[in-house]
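Sequence lines set the chain letters: A, B, ... in the order given, protein chains first and strands last, and positions in each chain run from 1.
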Amino acid sequence: MSQENLPKGYDPAAIEQQWRDHWEQNKTFTPEMPAKSASYSIVIPPPNVTGNLHIGHALNLTLQDILCRHARQQGKTVLWVPGYDHAGIATQNVVERRLAADEGKSRDDLGREAFLERVWRWKEEYGGNITRQVKAMGCSVDWTRERFTMDEGLSRAVRKVFAGLYKQGLVYKGDYIVNWCTRCHTALADDEVDHVPQKTKLWSFNYPLEDGSGHITIATVRPETILGDVAIAVHPEDERYQHLVGKKAILPILRRPIPIIADNYVDREFGTGAVKITPAHDLNDWLIGEKHKLEVVQVIDDAGIMNAKAGPFAGLPKLEAREKVAAEFEKLGLLAKVEDYENSIGLCYRCKEIIEPHISTQWFVSMRPLADKAIAAVPSRTQLFPDTWLKTYYHWLDTVRDWCVSRQIWWGHRIPAWTCGNCGALLVEEEAPQQCDQCGCAELQQDQDVLDTWFSSALWPFSTLGWPEETQDLKTFYPTSVLVTGFDILFFWVARMMMLGLQFMDEVPFRHVYIHALVRDADGRKMSKSIGNVIDPLEMIGKYGTDALRFTLTAFAAMGRDIRLSEERIDGYRHFVNKIWNASRFALMNMPADGQLAPLDPGRVEGIHHQWILHRLEEVKADTLKSIGSYRFNDYAQGLYKFIWTELCDWYLELIKTDMQAGGEKQTAAQYVLWTVLRETLVLLHPVMPFVTAEVWAALPTPDGKPATDIALEPFPAARPACLKAEAAAQMSMVQEAIVAVRTIRAELNIAPALRLKAIIKPQDDAAACVLESQRPVIEALARLGELVIDVRAAAPRLAANQVASGNEIIVPLEGAVDFEAEKARLDKELVKLEKELAMLEGKLANPNYLEKAPPHLVERDRARVDELKDAALKLKQVRARFA
RNA sequence: GGGCAGUUAGCUCAGCUGGUAGAGCACCGCCUUCACACGGCGGGGGCCACAGGUUCAAGUCCUGUACUGCCCACCA
């Protein structure tokens with residue numbers, strides 16, 4: 001881009017693509033190794049390979065990118081590792097559905113090998129999708145280190161960890177009642193089950209007692225499981241039933257005698273206080289069954305169909321059986337009552353099928369020892385931001401149950417366990433064993449199951465850095481600096497990374513965890529395809545540009561609070577991008593024609609407007625460091641927004657227009673200061689708005705006249721203490737107030753903006769007069785004056801509009817057809833305002849306790865303000881009197 | 001049932017260690033002023049959910065109440 005032909009409106013599309021390509025081709029974000037400076041690293045939360053980028057990713061990626069680009073500016077050796085996740089069930093479902101739709105085949109028709117080949121093929125074809133979307137966001141990841149949870153290195157890490165845990169005694173195989181998805185045909189972890197409320201019925205049935213002495217009534221929402229009942233439980237201290245404990249009841253329909261047992265799990269208040277026990281189909285019943293050594297009778301198979309043990313109902317889907325069993329009870333006259341009832345039901349988080357508790361043999365990871373380590377490491381070694389999540393984190397780890405890690409699907413890391421076909425020995429090894437270590441035979445059969453997707457994700461912070469090899473990356477970048485993630489996967493992922501990182505690296509996986517909000521729609525609802533309120537980041541990028549999207553998300557990313565996003569907001573911040581663009585155009589138009597700036601020491605520049613903006617720049621630099629350093633992203637974005645729009649553009653650019661026209665030294669000084677401020681501001685803004693800043697940066701003259709550098713490699717601007725000039729800043733704001741006073745008078749009295757007014761400023765003292773005088777051309781230009789008198793002894797004309805600003809009296813003589821009534825009203829309004837504040841302050845100062853106990857400087861400040869207000873009020877009253 | 005947030009201008013939200021409130025959008029008026037109408041200038045608008053308490057002083061700290069949202073939990 002050359003500086004002559006910057007177009008008037010900013011057009012993101014072409015410019016962004018150019019920079020994406022530039023950064024990727026130049027490997028700009030591949031860190032130099034071995035690292036010559038402190039390291040800073042982040043691993044990307046790997047998006048699903050099947051996935052599309054949603055707005056939550058966009059937020060997540062933007063915040064990480066800000067941190068990485070900022071760390072680079074601070075001279076750190078930065079690595080941001082990109083990658084994606086194989087997403088076991090999700091991906092398998094996608095490919096299965098496609099297979100069914102295109103060829104009418106199931107995965108079983110193909111067989112394991114052929115099906116997996118299809119999944120890989122699918123992944124090659126569509127896996128790049130998510131990568132392209134990450135690239136669109138402008139993420140400064142190192143593409144040369146892109147990883148996939150199923151690639152060879154990571155797969156090896158998975159096997160090594162699994163075998164390692166086994167050898168440490170932390171992995172075991174056992175029968176357990178698990179959450180079973182009858183559609184995905186696999187076990188699910190507790191976390192993978194969504195609970196939703198449902199309206200159903202609560203049936204109460206009578207079970208006759210074996211000795212014919214009556215019946216006992218139980219309540220259930222699942223009559224079909226009655227066929228698997230093995231006991232009835234009551235509370236041990238429940239007088240109603242104590243005499244029945246030890247007796248037997250007859251399970252109707254199947255006419256099986258079942259014992260009545262006592263267990264304090266039973267809630268006496270609920271229903272009849274007697275509960276049927278079906279260990280095969282309910283978690284609690286399973287636990288009670290274990291305790292009381294009850295038989296397990298499974299009546300529903302792994303597809304959700306009643307099996308042979310269900311007697312007359314065999315072959316029916318469970319929901320049909322439910323109705324039929326209830327009807328049968330009614331026919332037998334054993335239905336006590338039916339009520340409407342609401343409870344919650346578990347759904348598969350992938351396919352939304354109802355979860356069926358199901359007994360099967362699964363692999364488990366013992367969580368207790370791992371969880372204890374993860375608890376101990378927080379917050380001393382890993383800090384959470386915001387720390388309101390601490391309790392949640394601890395609570396989950398305190399109550400965590402063993403992790404069921406086996407899944408009965410095909411796509412994923414196959415469990416590295418082998419059973420000997422000869423002696424039945426179980427071998428768990430990192431690499432496939434050649435022969436049984438017990439009997440030496442070679443008939444080894446590998447376990448059919450694969451591991452939970454989250455198992456490989458749990459290793460992500462070290463597996464992506466090359467573990468188990470002792471790579472330079474691992475040494476340099478582990479532990480990572482920060483993990484940026486949404487709270488929705490705090491348990492799924494963060495806690496498990498903590499556990500396995502500590503177990504295998506002896507070190508936490510990250511020093512900080514920044515937990516960001518959820519992005520919701522404008523009405524606070526979760527975005528979902530079914531509601532149709534999804535904001536697609538790619539569509540937004542196309543419409544408004546990536547910088548606008550990123551800035552919007554950042555500006556609303558207040559810690560610990562959800563973001564309500566609407567398209568109008570993104571559009572709003574697009575205006576800001578355009579504003580920056582146009583301010584930059586102005587700057588470029590005003591740079592010296594040859595691009596050679598006369599060097600200047602910013603600390604010694606004359607002119608309070610320059611001193612003021614340089615002073616503010618220093619403050620903004622410090623604020624930026626503080627905001628990003630403490631993860632206050634909204635402060636970071638909004639601080640820059642305010643500085644750029646209201647200070648740099650609305651004031652400073654206007655202030656220097658007279659300098660630019662004046663030529664000579666005034667012009668060269670203005671050029672240099674503008675150039676300095678704009679350049680440094682661009683660097684501050686770059687982490688959140690990489691594209692527009694890169695483009696403008698490249699167009700600006702360079703200090704040495706050489707071709708422009710890449711702003712992505714530019715260090716954070718060093719502090720310039722010599723530019724901190726609070727006094728100049730205060731003087732400047734006095735001048736601004738004088739200008740605003742004239743403008744207010746003009747607007748409120750409906751004086752045409754084009755009319756060159758006469759104004760008289762009566763400064764409060766000689767010092768003020770001197771400052772105002774030095775800014776005469778600026779005041780005349782910005783207040784649009786034809787004539788300006790600055791005089792401490794000035795006498796106001798009889799009829800004049802009047803305003804007091806910073807102790808200076810601003811007088812606009814009213815001539816011609818000016819609305820005197822409007823001026824009177826304006827003065828009254830002004831007076832009311834003054835007197836209100838005065839009353840408040842005087843009340844405060846009348847309080848002896850305040851005078852005695854408040855810090856003296858505050859009392860002083862209030863007294864000074866009272867004097868100022870009194871003075872202003874007096875002046876206004878005098879003017880007001882003339883109108884009366 | 002337990003836990004955690006939130007309740008500030010019409011809307012969406014800032015307000016960190018206490019000194020009687022800010023932004024963006026929306027709204028009203030004026031303006032095609034030579035970077036920008038994706039703009040400029042000016043303006044209106046809030047007893048900071050409610051009730052107590054601590055304090056010279058509370059949106060800001062403490063207690064309680066009421067709603068809203070989220071997370072966790074085995075009540076059949």
- Task: Mind running a 4.0 Å heavy-atom check of residues 543-552 of chain A against RNA chain B and sending the residues that fall below it, in number order?
- Result: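 Result for residues 543-552 of chain A: none.
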Taking the side chain of [X] as its heavy atoms from C-beta onward, which of [options] lies nearest to it?
X        : options             : answer
A:Ala747 : B:A14, B:A35, B:G42 : B:G42
A:Val266 : B:C70, B:A35, B:A76 : B:A76
A:Asn750 : B:G29, B:A76, B:U20 : B:G29
A:Cys649 : B:A5, B:A35, B:C31  : B:A35
A:Arg861 : B:C71, B:G44, B:G19 : B:G19
A:Thr744 : B:C72, B:G42, B:A35 : B:G42
A:Phe586 : B:C38, B:C30, B:A35 : B:A35
A:Arg784 : B:U33, B:G40, B:C72 : B:U33
A:Met840 : B:G19, B:U20, B:C74 : B:U20
A:Arg585 : B:A35, B:G19, B:A76 : B:A35

Assign [X] to base, sugar-phosphate, or nothing according to its heavy-atom contacts below 4.0 angstrom with the strands shown.
X        : value
A:Val577 : nothing
A:Leu490 : nothing
A:Lys642 : nothing
A:Asn590 : nothing
A:Glu852 : nothing
A:Leu858 : base
A:Pro855 : base
A:Phe576 : nothing

- Message: Could you walk me through whether A:Val677 and A:Phe643 satisfy the side-chain contact (heavy atoms from CB on, under 4.5 Å) test, starting with their C-alpha distance in whole Å, then the side-chain angles of each, then the deciding distance to 0.1 Å, before giving a yes or no?
- Response: CA-CA 11 Å; A:Val677 174; A:Phe643 175 69; 4.2 Å; yes
- Specify the closest pair of heavy atoms between A:Leu294 and A:Ala231, including all atoms of both residues, with the distance to one decimal.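 So the minimum-distance heavy-atom pair works out to CD1-CB, 3.9 Å.
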Tell me: [atom1] of [X] to [atom2] of [N], nearest whole Å?
X        : N     : atom1 : atom2 : value
A:Lys829 : B:G43 : NZ    : P     : 7 Å
A:Met540 : B:C38 : CE    : C1'   : 16 Å
A:Glu567 : B:C11 : CD    : P     : 22 Å
A:Arg865 : B:U20 : CZ    : P     : 12 Å

Does any donor atom in the side chain of [X] or [Y] lie under 3.5 Å from an acceptor atom in the other side chain?
X        : Y        : answer
A:Thr225 : A:Lys276 : yes
A:Asp623 : A:Tyr636 : no
A:Tyr544 : A:Glu567 : yes
A:Asp862 : A:Tyr850 : yes

How far does the [atom1] atom of [N] sit from the matching atom of [M], given to the nearest Å?
N     : M     : atom1 : result
B:G24 : B:A5  : P     : 30 Å
B:C28 : B:G10 : C1'   : 13 Å
B:G22 : B:G29 : P     : 26 Å
B:C50 : B:G42 : P     : 34 Å
B:A49 : B:U12 : P     : 15 Å
B:C62 : B:C75 : C1'   : 36 Å

Aromatic ring centroids of [X] and [Y] under 6.0 Å?
X        : Y        : answer
A:Tyr514 : A:Tyr631 : yes
A:Trp203 : A:Phe329 : no
A:Tyr641 : A:Tyr573 : yes

Applying a 3.5 Å limit to both distances, which nucleotide forms a Watson-Crick or G-U wobble pair with [N]?
N     : result
B:G10 : B:C25
B:U63 : B:A51
B:U17 : none
B:A37 : none
B:C4  : B:G69
B:U32 : none

Do the side-chain N or O atoms of [X] get closer than 4.0 angstrom to the phosphate oxygens (OP1, OP2) of [N]?
X        : N     : result
A:Lys853 : B:G19 : no
A:Lys579 : B:C36 : no
A:Thr392 : B:C72 : no
A:Arg632 : B:G15 : yes
A:Lys657 : B:A35 : yes
A:Trp645 : B:G40 : yes
A:Arg564 : B:C13 : yes
A:His575 : B:C36 : no

- Task: Between A:Arg743 and A:Glu568, name the one whose nearest nucleotide on RNA chain B is closer to the 5' end.
- Result: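 First, find each residue's nearest nucleotide; the 5'-ward one identifies A:Glu568.
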- Message: Between A:Ala583 and A:Phe556, which residue's closest nucleotide on RNA chain B lies nearer the 5′ terminus?
- Response: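 Closest to the 5' end, via its nearest nucleotide, is A:Phe556.
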- Residues in ring pair (Phe, Tyr, Trp, His ring centres under 6.0 Å) contact with A:Trp403, at least two apart in sequence or another chain: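 Residues passing ring pair (Phe, Tyr, Trp, His ring centres under 6.0 Å) with A:Trp403: A:Phe455.
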- Query: On the ring face of A:Trp286, is A:Arg401 found with NZ or CZ under 6.0 Å from the centre and within 45° of the axis?
  - Reply: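 Checked: cation-pi criterion not met.
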- Taking the six-membered ring of A:Phe491, is the NZ or CZ of A:Arg496 close enough (under 6.0 Å from the centre) and on axis enough (within 45°)?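 Pair A:Arg496/A:Phe491 does not count as cation-pi.
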